[in-house]
Amino acid sequence: MASRRPPVRRRRGRGPARRDDATWLVYGLLALLAFSTAVTVLRWLAANWWIPVAAALAAGTAALAVLRVRALAAREHRLRAARLRLALSGPGGIDHMTPDAFEFAVRDLLERDGCRARKVGRANDQSVDVLAEDPTGRRWAVQCKHKRDPIGGKPVGVGVLYALAGTYQRAHRAQLAVVVTNGRFSREAHRWGNEQGIHLVDRAALARWAADGRPLWNVLPRVPAPRDGRRN
(Lines give C-alpha, C1' and ligand atoms only; values in the text may rest on other atoms or scores of the structure.)
Protein backbone atom coordinates (compact mmCIF):
# COMPACT_ATOMS: atom_id res chain seq x y z
CA MET A 1 0.00 0.00 0.00
CA ALA A 2 1.49 3.31 -1.04
CA SER A 3 2.35 5.77 1.74
CA ARG A 4 0.55 9.08 1.84
CA ARG A 5 2.46 12.25 1.20
CA PRO A 6 2.22 14.95 3.80
CA PRO A 7 0.07 17.89 2.73
CA VAL A 8 1.94 20.67 1.02
CA ARG A 9 1.94 23.87 3.07
CA ARG A 10 1.30 26.97 1.07
CA ARG A 11 3.61 29.91 1.64
CA ARG A 12 1.91 32.97 2.92
CA GLY A 13 2.26 36.20 1.05
CA ARG A 14 4.52 39.02 2.26
CA GLY A 15 1.70 41.44 2.91
CA PRO A 16 2.66 42.45 6.50
CA ALA A 17 6.28 43.08 5.60
CA ARG A 18 5.21 45.27 2.73
CA ARG A 19 2.94 47.26 5.03
CA ASP A 20 5.81 47.79 7.50
CA ASP A 21 8.00 49.02 4.69
CA ALA A 22 5.28 51.49 3.62
CA THR A 23 4.92 52.77 7.19
CA TRP A 24 8.64 53.40 7.54
CA LEU A 25 8.61 55.13 4.19
CA VAL A 26 5.87 57.50 5.38
CA TYR A 27 7.81 58.22 8.58
CA GLY A 28 10.90 58.94 6.61
CA LEU A 29 9.08 61.34 4.32
CA LEU A 30 7.56 63.15 7.30
CA ALA A 31 10.95 63.45 8.95
CA LEU A 32 12.46 64.77 5.75
CA LEU A 33 9.62 67.29 5.43
CA ALA A 34 10.08 68.44 9.04
CA PHE A 35 13.83 68.82 8.52
CA SER A 36 13.29 70.75 5.32
CA THR A 37 10.77 73.04 7.01
CA ALA A 38 13.13 73.67 9.92
CA VAL A 39 15.96 74.53 7.53
CA THR A 40 13.67 76.90 5.64
CA VAL A 41 12.55 78.61 8.85
CA LEU A 42 16.13 78.96 10.09
CA ARG A 43 17.23 80.45 6.79
CA TRP A 44 14.32 82.90 6.91
CA LEU A 45 15.16 83.89 10.48
CA ALA A 46 18.79 84.37 9.51
CA ALA A 47 17.79 86.63 6.65
CA ASN A 48 15.10 88.49 8.68
CA TRP A 49 16.62 88.44 12.16
CA TRP A 50 15.22 91.87 13.00
CA ILE A 51 11.60 90.62 12.96
CA PRO A 52 11.86 88.27 15.99
CA VAL A 53 14.03 90.87 17.73
CA ALA A 54 11.36 93.53 17.17
CA ALA A 55 8.65 91.13 18.33
CA ALA A 56 10.58 90.35 21.50
CA LEU A 57 11.14 94.06 22.17
CA ALA A 58 7.44 94.77 21.62
CA ALA A 59 6.43 91.97 23.99
CA GLY A 60 8.91 93.21 26.59
CA THR A 61 7.63 96.78 26.26
CA ALA A 62 4.02 95.61 26.65
CA ALA A 63 4.93 93.57 29.73
CA LEU A 64 6.74 96.56 31.27
CA ALA A 65 3.74 98.78 30.54
CA VAL A 66 1.40 96.33 32.28
CA LEU A 67 3.71 96.14 35.29
CA ARG A 68 3.94 99.93 35.42
CA VAL A 69 0.15 100.32 35.34
CA ARG A 70 -0.22 97.78 38.14
CA ALA A 71 2.48 99.48 40.20
CA LEU A 72 0.83 102.89 39.75
CA ALA A 73 -2.57 101.46 40.67
CA ALA A 74 -1.13 99.88 43.80
CA ARG A 75 0.59 103.16 44.72
CA GLU A 76 -2.62 105.13 44.19
CA HIS A 77 -4.50 102.63 46.35
CA ARG A 78 -1.98 103.10 49.17
CA LEU A 79 -2.10 106.89 48.85
CA ARG A 80 -5.90 106.88 48.81
CA ALA A 81 -6.01 104.70 51.93
CA ALA A 82 -3.58 107.10 53.62
CA ARG A 83 -5.72 110.11 52.66
CA LEU A 84 -8.84 108.45 54.01
CA ARG A 85 -7.15 107.66 57.31
CA LEU A 86 -5.77 111.19 57.53
CA ALA A 87 -9.16 112.74 56.82
CA LEU A 88 -10.74 110.77 59.64
CA SER A 89 -8.20 110.05 62.35
CA GLY A 90 -5.02 111.90 61.36
CA PRO A 91 -3.81 115.14 62.95
CA GLY A 92 -6.69 117.57 62.68
CA GLY A 93 -8.88 114.80 61.31
CA ILE A 94 -12.65 114.62 61.64
CA ASP A 95 -12.58 112.32 64.67
CA HIS A 96 -10.75 114.98 66.69
CA MET A 97 -13.27 117.75 66.00
CA THR A 98 -15.88 119.07 68.35
CA PRO A 99 -19.51 118.59 67.27
CA ASP A 100 -19.74 122.27 66.34
CA ALA A 101 -16.53 122.11 64.28
CA PHE A 102 -17.88 118.99 62.60
CA GLU A 103 -20.93 120.91 61.43
CA PHE A 104 -18.70 123.64 59.98
CA ALA A 105 -16.61 120.97 58.24
CA VAL A 106 -19.72 119.51 56.59
CA ARG A 107 -20.73 122.99 55.47
CA ASP A 108 -17.26 123.55 53.98
CA LEU A 109 -17.43 120.24 52.09
CA LEU A 110 -20.75 121.25 50.55
CA GLU A 111 -19.29 124.60 49.53
CA ARG A 112 -16.35 122.75 47.95
CA ASP A 113 -18.91 120.79 45.91
CA GLY A 114 -20.27 124.03 44.47
CA CYS A 115 -23.20 124.48 46.83
CA ARG A 116 -24.27 127.56 48.73
CA ALA A 117 -24.27 126.29 52.29
CA ARG A 118 -24.69 127.69 55.78
CA LYS A 119 -24.53 126.23 59.25
CA VAL A 120 -27.84 126.58 61.08
CA GLY A 121 -27.35 124.12 63.92
CA ARG A 122 -28.17 125.56 67.31
CA ALA A 123 -30.78 125.13 70.02
CA ASN A 124 -34.19 124.43 68.51
CA ASP A 125 -32.68 123.89 65.05
CA GLN A 126 -35.51 121.51 64.16
CA SER A 127 -33.13 118.59 63.50
CA VAL A 128 -31.07 120.34 60.78
CA ASP A 129 -27.48 121.53 61.23
CA VAL A 130 -26.55 122.58 57.68
CA LEU A 131 -28.70 123.87 54.84
CA ALA A 132 -27.33 123.91 51.30
CA GLU A 133 -28.44 124.63 47.77
CA ASP A 134 -26.71 122.77 44.94
CA PRO A 135 -26.04 124.19 41.43
CA THR A 136 -29.49 123.11 40.21
CA GLY A 137 -31.34 124.73 43.10
CA ARG A 138 -32.06 121.56 45.05
CA ARG A 139 -32.20 122.26 48.75
CA TRP A 140 -30.36 119.90 51.11
CA ALA A 141 -31.13 119.54 54.83
CA VAL A 142 -28.27 117.91 56.70
CA GLN A 143 -28.20 116.57 60.25
CA CYS A 144 -24.68 116.03 61.64
CA LYS A 145 -23.88 113.43 64.32
CA HIS A 146 -20.30 113.50 65.54
CA LYS A 147 -19.20 110.47 67.55
CA ARG A 148 -16.45 110.61 70.16
CA ASP A 149 -15.98 106.85 69.82
CA PRO A 150 -16.90 106.25 66.17
CA ILE A 151 -15.75 102.63 66.01
CA GLY A 152 -16.89 101.07 69.25
CA GLY A 153 -19.53 103.57 70.30
CA LYS A 154 -23.26 103.40 69.88
CA PRO A 155 -24.52 103.73 66.30
CA VAL A 156 -26.79 106.51 65.16
CA GLY A 157 -30.31 105.24 65.69
CA VAL A 158 -33.47 105.54 63.69
CA GLY A 159 -34.85 108.23 66.04
CA VAL A 160 -32.54 110.80 64.43
CA LEU A 161 -34.09 109.97 61.07
CA TYR A 162 -37.60 110.23 62.48
CA ALA A 163 -36.88 113.76 63.68
CA LEU A 164 -35.33 114.85 60.38
CA ALA A 165 -38.13 113.35 58.31
CA GLY A 166 -40.66 115.40 60.24
CA THR A 167 -38.99 118.76 59.62
CA TYR A 168 -36.82 118.88 56.51
CA GLN A 169 -39.68 119.52 54.07
CA ARG A 170 -42.18 121.38 56.24
CA ALA A 171 -39.80 123.58 58.25
CA HIS A 172 -36.85 123.93 55.84
CA ARG A 173 -38.48 123.45 52.40
CA ALA A 174 -35.75 120.99 51.44
CA GLN A 175 -35.98 118.29 48.78
CA LEU A 176 -33.14 116.10 50.09
CA ALA A 177 -32.49 114.97 53.67
CA VAL A 178 -29.09 113.65 54.77
CA VAL A 179 -27.64 112.43 58.05
CA VAL A 180 -23.84 112.59 58.27
CA THR A 181 -21.77 110.85 60.95
CA ASN A 182 -18.17 109.86 61.50
CA GLY A 183 -19.53 106.66 63.05
CA ARG A 184 -22.10 104.15 61.86
CA PHE A 185 -25.87 103.65 61.65
CA SER A 186 -28.05 100.99 63.17
CA ARG A 187 -29.73 98.38 60.97
CA GLU A 188 -33.10 99.96 61.64
CA ALA A 189 -31.76 103.34 60.56
CA HIS A 190 -30.49 101.86 57.30
CA ARG A 191 -33.78 100.09 56.65
CA TRP A 192 -35.98 103.05 57.47
CA GLY A 193 -33.74 105.49 55.61
CA ASN A 194 -33.98 103.40 52.45
CA GLU A 195 -37.74 103.21 52.76
CA GLN A 196 -38.26 106.92 53.42
CA GLY A 197 -35.54 108.39 51.17
CA ILE A 198 -33.36 109.71 54.00
CA HIS A 199 -29.76 109.54 52.78
CA LEU A 200 -27.09 108.27 55.18
CA VAL A 201 -23.41 109.19 55.11
CA ASP A 202 -21.53 106.83 57.42
CA ARG A 203 -17.83 106.77 58.31
CA ALA A 204 -16.70 105.15 55.05
CA ALA A 205 -18.79 107.44 52.85
CA LEU A 206 -17.65 110.50 54.81
CA ALA A 207 -14.02 109.50 54.30
CA ARG A 208 -14.56 109.24 50.54
CA TRP A 209 -16.41 112.54 50.45
CA ALA A 210 -13.73 114.35 52.46
CA ALA A 211 -10.59 112.83 50.94
CA ASP A 212 -11.41 111.97 47.33
CA GLY A 213 -12.78 115.34 46.31
CA ARG A 214 -15.98 113.84 44.94
CA PRO A 215 -19.18 115.85 45.47
CA LEU A 216 -21.76 114.47 47.84
CA TRP A 217 -24.17 113.45 45.06
CA ASN A 218 -21.45 111.16 43.68
CA VAL A 219 -20.94 109.55 47.06
CA LEU A 220 -24.60 108.90 47.78
CA PRO A 221 -26.57 106.28 45.85
CA ARG A 222 -29.80 107.20 44.10
CA VAL A 223 -29.00 110.91 43.89
CA PRO A 224 -28.50 112.32 40.37
CA ALA A 225 -25.77 114.88 39.77
CA PRO A 226 -26.67 118.49 39.01
CA ARG A 227 -27.23 119.09 35.33
CA ASP A 228 -24.12 121.24 34.96
CA GLY A 229 -22.17 117.96 34.75
CA ARG A 230 -20.20 118.35 37.93
CA ARG A 231 -19.21 114.68 38.32
CA ASN A 232 -15.75 113.93 39.65
Side-chain angles (χ1 to χ4, degrees), residues 76-151 153 155-156 160-161 163-165 167-169 171-185 189 193 197-232:
E76 177 59 28
H77 179 74
R78 292 193 298 270
L79 290 175
R80 180 176 178 274
R83 289 196 301 268
L84 296 181
R85 289 194 298 271
L86 188 64
L88 290 173
S89 56
I94 291 172
D95 290 343
H96 303 296
M97 294 179 176
T98 64
D100 195 59
F102 181 57
E103 295 173 10
F104 277 111
V106 170
R107 180 206 63 182
D108 293 344
L109 286 171
L110 288 165
E111 289 182 343
R112 183 205 65 186
D113 294 345
C115 300
R116 292 186 298 173
R118 58 191 177 95
K119 178 183 176 304
V120 297
R122 57 186 183 276
N124 301 318
D125 57 16
Q126 295 183 322
S127 301
V128 171
D129 297 311
V130 178
L131 284 173
E133 188 175 301
D134 69 24
T136 59
R138 294 179 302 188
R139 195 170 177 86
W140 298 66
V142 184
Q143 171 65 261
C144 303
K145 289 297 179 183
H146 187 273
K147 292 290 184 176
R148 183 176 298 178
D149 184 6
I151 305 298
V156 177
V160 175
L161 279 66
L164 180 60
T167 62
Y168 82 94
Q169 291 177 318
H172 300 284
R173 301 187 306 280
Q175 291 82 43
L176 295 162
V178 184
V179 181
V180 181
T181 181
N182 64 324
R184 54 197 174 89
F185 292 93
I198 307 295
H199 301 283
L200 307 183
V201 178
D202 61 10
R203 183 176 182 82
L206 177 60
R208 293 195 301 273
W209 184 28
D212 285 358
R214 290 188 290 171
L216 181 58
W217 44 84
N218 280 2
V219 175
L220 293 172
R222 308 185 311 277
V223 177
R227 287 188 298 272
D228 69 351
R230 181 174 168 74
R231 298 190 72 90
N232 293 341

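- Checked against side chain to side chain contact (heavy atoms under 4.5 Å, CB included), A177 has the following partners two or more places apart in sequence or in another chain: L164, Y168, I198.
- Evaluation of the side chain to side chain contact (heavy atoms under 4.5 Å, CB included) rule for Q169 yields no partner, not counting sequence neighbours.
- Between the side chain of Q175 and the backbone N or O of R139 there is at least one donor-acceptor pair closer than 3.5 Å.
- With a 4.5 Å cut-off on side-chain heavy atoms, V178 and Q143 do not count as touching.
- Contact between H146 and I94 at its shortest, heavy atoms only, is NE2-O, 2.8 Å.
- Looking at residues two or more places apart in sequence or on another chain, you find a side-chain hydrogen bond (donor to acceptor under 3.5 Å, both in side chains) between D95 and N182, R203.
- The pair R138-D134 meets the salt-bridge criterion, with a side-chain N (NZ, NE, NH1 or NH2) lying under 4.0 Å from an Asp/Glu carboxylate O.
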Would V120 and V130 satisfy side-chain contact (heavy atoms from CB on, under 4.5 Å), going step by step from the backbone distance to the final call?
CA-CA 5 Å; V120 297; V130 178; 5.8 Å; no

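- A donor-acceptor pair shorter than 3.5 Å cannot be found between the side chains of W217 and D113.
- Taken from CZ in R208 to CG in L216, the straight-line distance is 11.0 Å, to the nearest 0.5 Å.
- Contact between A189 and L161 at its shortest, heavy atoms only, is O-CD2, 3.3 Å.
- A distance-only check finds a donor-acceptor pair linking the side chain of T181 to the backbone of K145 [under 3.5 Å].
- The SG atom of C144 sits 9.5 Å away from the CG atom of L206 when rounded to the nearest 0.5 Å.
- Under the side-chain hydrogen bond (donor to acceptor under 3.5 Å, both in side chains) criterion, K119 pairs with D100, E103, not counting sequence neighbours.
- Residues passing the side-chain hydrogen bond (donor to acceptor under 3.5 Å, both in side chains) test with E133, sequence neighbours excluded: R116.
- Here the side chain of T167 pairs a donor or acceptor atom with the backbone of Q126 at under 3.5 angstrom.
- At a threshold of 4.5 Å between non-hydrogen side-chain atoms, the residues V179 and H199 do not count as touching.
- Minimum heavy-atom separation, L110 to A117: CB-CB, 4.0 Å.
- Nearest heavy atoms, P150 versus K147: CD-O, 3.7 Å.
- Contact annotation: the side chain of W140 approaches that of V223 to within less than 4.5 Å [non-hydrogen atoms, C-beta and beyond].
- Looking only at side-chain heavy atoms (C-beta outward), P155 and F185 stay at 4.5 Å or farther from each other.
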Given the rule in the side-chain contact (heavy atoms from CB on, under 4.5 Å) test, do V201 and L220 qualify, once you have shown the distances and angles that lead to the verdict?
CA-CA 7 Å; V201 178; L220 293 172; 3.6 Å; yes

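- Listed by first then second residue, pairs satisfying salt bridge (Lys or Arg N to Asp or Glu O under 4.0 Å) with a partner in residues 173-185 number zero, not counting sequence neighbours.
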